[in-house]
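Note that this is a predicted model, so its numbers are computed, not measured.
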Amino acid sequence: MILKKELLFTLAALLLITNNILANDPDKTDVIHINSVDTTNIYHELLNDETDDLMEDHPANDIYNNIWTCERLNPYKIPIDSIPDSVKIDFSTYCSPVIGYITSNFGPRRYRFHYGTDIKLQVGDTVVSSFTGKVRIIDYDRKGYGHYVVIRHDNGLETVYAHLSKVLVSLDQQVSAGEPIALGGNTGRSTGSHLHYEMRFLGNAMNPAKIVDFVSGTPLEEEYYITKSKTFYHQKELKEMAAAKYYKIRSGDNLSRIASRNGTTVRTLCRLNNISANKILRIGQTLRVR
């Protein structure tokens, strides 16, 4: 079984590396072209192999193996349906990245989904690693995360720390739970000093506030079981957001006319936009119609 697991992961890693080479240099003539293999199906077979001990221990090396890159936050592209329905994560050594109250929750915003939890801090406050692990990404995203760090942890999770003012660690550095990794800030797409914090499993975001108490800095449970229904409950919201349709108000529009034009009802428009039927509409304002 160990040989099978290593073979599958090695194949997946080789394919990803080859695809990256081709994507970055399509004119390269000394690259051997191979038939495309669905690495998602390889992961599906491996992760759902009941004869393996992955679901029992699942250290990070078992789950991710050679899939290591500092270029992308989620290079795995593993759908929720391919993840086992009960994976135990050890939270016994958890350290809160900062102690503070939540300023913005995980979940849908008006036009996009917020994949993390925002925790209040002051610029310069120390941010620590939640678990023992290895720094996978240090980067700057002007229109999003600002300065941010991604760490892969020994328990199988990855965590993201964003809007930082200064990074204190280096790429590929081993860090311990509670070790300082950065200073809090207000960089990137941010409206005030805070830490944007994410927990991910095989690239898929989880709601940290369902697992830990940021005010006390402690986990709600020392062992957390990842399940499709409990951990990834927000998939329904994501599908609804993907199917959403918006309308920009024009001169002469009212709710009745907008509803008729878009095949819906005034009542539905009010529910989708959390407004009353007599709300004054402004030209250029955007309403959700589906």
Side-chain angles (χ1 to χ4, degrees), residues 5 8-9 11-13 15-16 19 36-69 71-91 94 104-109 111-117 130-131 133 136-137 144-145 150-160 162 196-212 219-221 223-244 290:
K5 177 165 56 183
L8 288 172
F9 270 124
L11 176 58
L15 289 168
L16 286 175
N19 288 338
S36 176
V37 177
D38 190 345
T39 54
T40 297
N41 287 337
I42 292 175
Y43 265 108
H44 185 278
E45 178 181 349
L46 177 62
L47 291 171
N48 290 279
D49 186 349
E50 295 182 356
T51 65
D52 194 10
D53 64 354
L54 179 64
M55 290 179 63
E56 186 67 29
D57 297 315
H58 63 83
N61 285 341
D62 257 353
I63 295 174
Y64 299 97
N65 204 303
N66 293 322
I67 312 302
W68 180 270
T69 174
E71 298 297 326
R72 289 173 293 164
L73 175 60
N74 180 10
Y76 319 111
K77 305 300 181 184
I78 306 302
I80 302 300
D81 289 343
S82 294
I83 295 176
D85 201 36
S86 184
V87 179
K88 184 174 68 175
I89 301 293
D90 181 11
F91 269 79
Y94 169 81
S104 184
N105 287 300
F106 177 99
R109 289 183 173 174
Y111 302 116
R112 60 191 178 91
F113 199 90
H114 186 228
Y115 286 100
T117 298
S130 291
F131 309 95
R136 184 168 72 83
I137 297 176
Y145 287 142
V150 179
I151 301 177
R152 179 181 296 173
H153 301 291
D154 296 347
N155 63 1
L157 294 183
E158 291 191 320
T159 50
V160 181
H196 172 89
Y197 176 72
E198 296 182 14
M199 286 184 180
R200 291 175 177 260
F201 179 73
L202 276 171
N204 295 289
M206 306 155 55
N207 185 351
K210 297 274 188 183
I211 308 172
V212 300
L220 301 179
E221 306 171 48
E223 290 182 350
Y224 177 82
Y225 286 85
I226 292 177
T227 67
K228 295 182 179 72
S229 60
K230 180 179 70 173
T231 308
F232 302 112
Y233 65 91
H234 55 284
Q235 292 303 299
K236 180 180 179 181
E237 293 174 303
L238 288 172
K239 290 178 181 178
E240 290 177 352
M241 290 185 73
R290 181 192 303 165

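- Shown here are the ring-ring contact (aromatic ring centres under 6.0 Å, His included) partners of Phe106, two or more places apart in sequence or in another chain: Phe113, His234.
- Atoms CD1 and CD1, from Ile226 and Ile80 in turn, are 9.5 Å apart once rounded to the nearest 0.5 Å.
- His153 and Thr159 share a donor-acceptor pair across their side chains, judged by distance under 3.5 Å alone.
- Two residues are said to be in side-chain contact when any heavy atoms from C-beta on lie closer than 4.5 Å; Tyr76 and Glu158 meet this criterion.
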Original post:
Would Thr231 and Phe201 satisfy side-chain contact (heavy atoms from CB on, under 4.5 Å), going step by step from the backbone distance to the final call?
Top reply: CA-CA 10 Å; Thr231 308; Phe201 179 73; over 6 Å; no
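- Annotation: cation-pi geometry satisfied between Lys230 and Tyr224 (NZ/CZ under 6.0 angstrom from ring centroid, within 45° of ring axis).
- Met199 and Leu157 get closest at one heavy-atom pair: SD-CD1, 4.4 Å.
- In terms of heavy-atom proximity, Ile67 sits nearest to Arg152 at O-NH2, 2.7 Å.
- Contact of the Phe232 side chain with the Ile83 side chain is registered, since non-hydrogen atoms from C-beta on lie closer than 4.5 Å.
- Residues Arg200 and Val150 have side chains not in contact (no heavy-atom distance under 4.5 Å, counting atoms from C-beta outward).
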**OP:** Walk me through it: do Glu223 and Phe91 pass the test side-chain contact (heavy atoms from CB on, under 4.5 Å)?
**Re:** CA-CA 6 Å; Glu223 290 182 350; Phe91 269 79; over 6 Å; no
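- Applying the side chain to side chain donor-acceptor pair (under 3.5 Å) rule to Asn204 yields no partners; only residues at least two apart in sequence or on another chain are considered.
- Summarising the geometry of Gly116 relative to Glu198, their closest heavy-atom pair is CA-CG, 3.7 Å, with the distance given to 0.1 Å.
- Looking at heavy atoms from C-beta onward, Asn207 lies in side-chain contact with Thr117 at the 4.5 angstrom threshold.
- Checked by atom type and distance alone, the side chain of Asp90 never pairs as donor or acceptor with a backbone atom of Asn155 at under 3.5 Å.
- Although no hydrogens or angles enter the test, the distance criterion places a donor-acceptor pair under 3.5 Å between the side chain of Arg136 and the main chain of Thr69.
- In this structure Tyr197 satisfies the ring-ring contact (aromatic ring centres under 6.0 Å, His included) test together with Tyr161, Phe214, sequence neighbours excluded.
- Distance check: Leu202 CG to Asn74 CG gives 8.5 Å after rounding to the nearest 0.5 Å.
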